[in-house]
Student: 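After the structure tokens below, expect a handful of questions from me.
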Amino acid sequence: VTRWSAAAEIRAADRDSPVVRELARGKADDLLKRLADPSLHDLAANPLLLTMIAHLHHYGGSLPANRAQLYQEICRVFLGKRQESKGLLSEYLTISQKEAVLCHLALDMMLRNKRDMSRAEAEGVISSTLQSVKPDLSPKEFLDHIQNSSGLITERENGIVAFVHQTIQEYLAAVQIRERSLLGVLTDNVTDIWWRDTILLYCAQADAGLIVAACLRSNSPAAIALAADCAEEARELSPEYRHRIERTLSYQGVSGDPNMRAIVGVALLTRKVRRVLRLGHGSYMVAAPISGMEYEFFLEHRAAAKLGSSERTSASTFALSSESATKPVKGISARDALSFARWITKVVADGWSYRLPNPDEAADPIVDSILGNDSLSFYTAKSPLGGESANLVELGLRPGRHEHPIDIIECILQSLDWEAIWTFLDELTMIPSRLADLRAHWIPDETIRSISSIPTFEPWPTRGMVAETLQFLAL
């Protein structure tokens with residue numbers, strides 16, 4: 001990107017100078033920041049699409065405001081390209097006519113859950129539309145031209161064709177649905193992950209009301225998450241639907257109904273983990289810490305699994321307030337952090353695998369931008385793949401921050417059954433030297449919170465009781 005920007009700026013200025021190169025570097029840096037967005041970064045992995053994105057950014061001064069506009073510009077640049085030899089197709093097929101044929105092909109592939117198809121099959125799909133656009137043009141000639149002159153269609157292997165990128169197929173399918181008034185195709189598939197991006201690209205070009213209504217009716221975590229995403233990308237959406245989405249996803253909106261909490265909890269987490277930042281190592285990190293409410297959903301799911309779904313309860317381990325529900329959760333053990341990562345991979349089921357960061361990933365400067373100025377630390381997994389055992393997890397320390405990622409007293413008070421612990425400790429022979437080690441290692445004076453800041457609890461745990469409890473946990 002940097003070299004391309006320099007070459008383009010030098011060519012435009014018709015000279016090479018430090019001023020020209022500095023201007024080119026500024027444009028390249030701006031584009032690289034934009035490409036950190038996972039949706040754009042995925043496109044940029046294709047050299048041809050990266051060239052188109054760089055072209056639009058460099059000569060337009062910026063990228064279009066949303067993905068649908070970006071893909072529209074890319075498609076029109078592709079379809080308007082001229083090769084050295086200009087044939088009848090370039091002379092007599094307009095960009096809109098080419099797009100009409102490709103939109104028909106894209107929607108047919110989406111309806112059949114296909115990312116590619118045989119050339120013969122593709123020719124059969126476009127033949128009827130091509131007859132309406134240009135009757136004397138054969139499907140073979142059309143595909144040859146699109147493949148050779150624009151690159152929007154590529155041949156992956158002998159006789160197998162596909163769009164240059166899956167999102168281009170999804171965009172063109174969305175255009176076809178909008179122009180042919182086929183909205184039912186989308187409202188019938190709000191729970192199908194295959195249609196997610198096509199739905200979002202449609203909403204970016206139209207009123208999203210009917211799609212949002214279908215999402216909210218489904219009571220599916222994936223669909224409720226999709227409704228919120230549609231509201232963000234929609235060209236237009238009534239205030240009534242926006243309020244319904246906001247209420248559904250708010251802490252107050254889900255606090256009363258245990259079953260709805262379970263559905264909305266997964267929806268919130270689905271949206272949370274889709275917002276990621278790319279690390280220098282090539283992996284991605286969720287762009288914000290897990291909140292108290294998000295972790296509470298995990299605890300409720302775990303409790304329901306032990307009790308049976310019919311005995312699901314809305315009782316909260318943390319008894320969160322509205323304020324603490326939105327703040328980063330604290331007081332989590334290494335074992336529970338690992339369990340949470342495995343659980344979220346299972347319930348979100350979006351094809352990604354979630355884990356704790358390893359130490360190299362945690363050292364990325366992006367981590368500080370995610371945690372901000374909050375006095376938070378975090379867990380890292382020692383093994384390259386994130387670790388499967390709590391023994392492989394260590395503290396991720398931030399210079400100048402708290403030494404521990406957990407508030408010991410808060411963790412003990414909120415997570416343990418004190419009555420059972422007292423009974424057990426009465427029968428347990430305590431080892432004085434071990435207690436001293438525990439006190440010194442786990443409960444340094446500077447990290448203990450004032451007892452007065454914790455809600456009244458009987459029997460009241462003393463400093464010694466906390467140390468004894470930690471020994472109990474270690475055993």
Side-chain angles (χ1 to χ4, degrees), residues 1 27 30-46 48-80 95-96 99 102-103 106-107 110 152 163-179 182-183 185-187 189-190 193-212 214-215 223 225-239 241-242 245-246 249 270-278 284 287 350:
V1 168
K27 289 184 176 180
D30 181 67
L31 178 57
L32 288 170
K33 288 179 182 178
R34 295 174 185 271
L35 291 177
D37 182 315
S39 62
L40 283 183
H41 193 278
D42 188 36
L43 280 177
N46 182 296
L48 188 58
L49 288 172
L50 175 58
T51 301
M52 289 298 102
I53 292 172
H55 178 92
L56 291 171
H57 177 269
H58 186 84
Y59 293 106
S62 63
L63 292 177
N66 61 50
R67 287 193 304 156
Q69 292 175 355
L70 174 62
Y71 299 153
Q72 180 185 55
E73 291 296 324
I74 287 175
C75 287
R76 293 191 172 181
V77 170
F78 270 113
L79 295 175
I95 292 175
S96 295
E99 189 177 84
L102 292 173
C103 284
L107 180 56
M110 289 299 299
L152 266 186
F163 284 94
V164 65
H165 195 278
Q166 176 67 15
T167 52
I168 298 297
Q169 175 180 319
E170 292 162 342
Y171 163 73
L172 291 172
V175 171
Q176 181 77 345
I177 289 170
R178 178 173 58 84
E179 293 188 351
L182 301 172
L183 183 57
V185 172
L186 301 182
T187 55
N189 287 286
V190 292
I193 191 68
W194 170 256
W195 287 94
R196 177 180 179 273
D197 282 328
T198 305
I199 290 172
L200 291 174
L201 289 166
Y202 172 90
C203 290
Q205 308 170 67
D207 187 329
L210 293 178
I211 289 179
V212 167
C215 290
L226 178 60
D229 293 337
C230 288
E232 288 185 356
E233 297 210 18
R235 187 190 70 186
E236 55 186 284
L237 182 65
S238 72
Y241 280 123
R242 292 188 186 277
I245 292 170
E246 182 180 350
L249 294 178
T270 298
R271 299 196 73 221
K272 176 67 165 271
V273 299
R274 283 196 180 125
R275 287 166 167 76
V276 296
L277 296 173
R278 183 179 172 84
Y284 293 90
D350 58 358

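Below, each value reflects all heavy atoms present in this structure, side chains not excepted, and no hydrogens, waters or symmetry copies.
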Student: Could you grab the distance from atom CD1 of Ile74 to atom CG of Leu79, nearest 0.5 Å is fine?
Tutor: 11.5 Å
Student: Does a sphere of radius 6.0 Å around CD in Gln69 hold more than 12 heavy atoms from other residues, nucleotides or ligands, not counting ones at 6.0 Å or beyond?
Tutor: yes
Student: Can any side-chain N or O of Arg242 pair as donor or acceptor with the backbone N or O of Ala231 at less than 3.5 Å?
Tutor: yes
Student: Testing the basics here: between Cys215 and Ala223, what is the closest heavy-atom pair and its distance to 0.1 Å?
Tutor: CB-O, 3.2 Å
Student: Tell me, please, which residues at least two apart from Asn189 pass side-chain hydrogen bond (donor to acceptor under 3.5 Å, both in side chains).
Tutor: none
Student: I'd like to check Leu226 versus Leu200 (side-chain heavy atoms, cut-off strictly below 4.5 Å). Are they in contact?
Tutor: yes
Student: Quick one, Asp350 and Val273 - any side-chain contact, counting heavy atoms below 4.5 Å?
Tutor: yes
Student: Decide yes or no on salt bridge (Lys or Arg N to Asp or Glu O under 4.0 Å) for Arg274 and Glu232, but give the supporting numbers first.
Tutor: CA-CA 14 Å; Arg274 283 196 180 125; Glu232 288 185 356; over 6 Å; no
Student: May I ask you to test the Cys230-Ile199 pair for a side-chain heavy-atom distance under 4.5 Å?
Tutor: yes
Student: With side chains defined as the heavy atoms from C-beta onward, is the minimum distance between Glu170 and Phe163 less than 4.5 Å?
Tutor: no
Student: Got a sec, which residues hit side-chain hydrogen bond (donor to acceptor under 3.5 Å, both in side chains) with Arg196, two or more places apart in sequence or on another chain?
Tutor: Asp229
Student: What are the two closest heavy atoms between Gly80 and Ile95, and how far apart are they?
Tutor: CA-CD1, 3.9 Å
Student: Looking at CG of Leu31 and NE2 of His57, how far apart are the two atoms once the value is rounded to the nearest 0.5 Å?
Tutor: 5.0 Å
Student: For the residue pair Ile211 and Cys203, what are the closest heavy atoms and their distance?
Tutor: CD1-SG, 3.8 Å
Student: Using the salt bridge (Lys or Arg N to Asp or Glu O under 4.0 Å) criterion, which residues pair with Asp30? Sequence neighbours excluded.
Tutor: Arg34
Student: So do Tyr171 and Gln205 actually touch side chain to side chain, heavy atoms under 4.5 Å?
Tutor: yes
Student: Taking the side chain as every heavy atom from C-beta outward, state whether Asn66 and Glu233 have any atom pair closer than 4.5 Å.
Tutor: no
Student: Looking at side-chain heavy atoms only, is the closest gap between Ile177 and Leu107 below 4.5 Å?
Tutor: yes
Student: Mark yes or no for whether Gln176, through its side chain, and Leu172, through its backbone, hold a donor-acceptor pair below 3.5 Å.
Tutor: no
Student: Please say whether more than 12 non-hydrogen atoms of neighbouring residues, nucleotides or ligands are located less than 6.0 Å from CG in Leu210.
Tutor: no
Student: Say you draw a straight line from CD of Gln72 to CD of Glu99; how long is it, rounded to the nearest 0.5 Å?
Tutor: 7.0 Å
Student: If I take atom CD from residue Gln169 and atom OH from residue Tyr71, how far apart are they, to the nearest 0.5 angstrom?
Tutor: 12.5 Å
Student: Looking at Leu249 and Ala228, what are the two nearest heavy atoms and their distance?
Tutor: CD1-CB, 3.6 Å
Student: For the pair Asp197 and Arg67, evaluate side-chain contact (heavy atoms from CB on, under 4.5 Å) and give the outcome as yes or no after the intermediate values.
Tutor: CA-CA 10 Å; Asp197 282 328; Arg67 287 193 304 156; 3.5 Å; yes
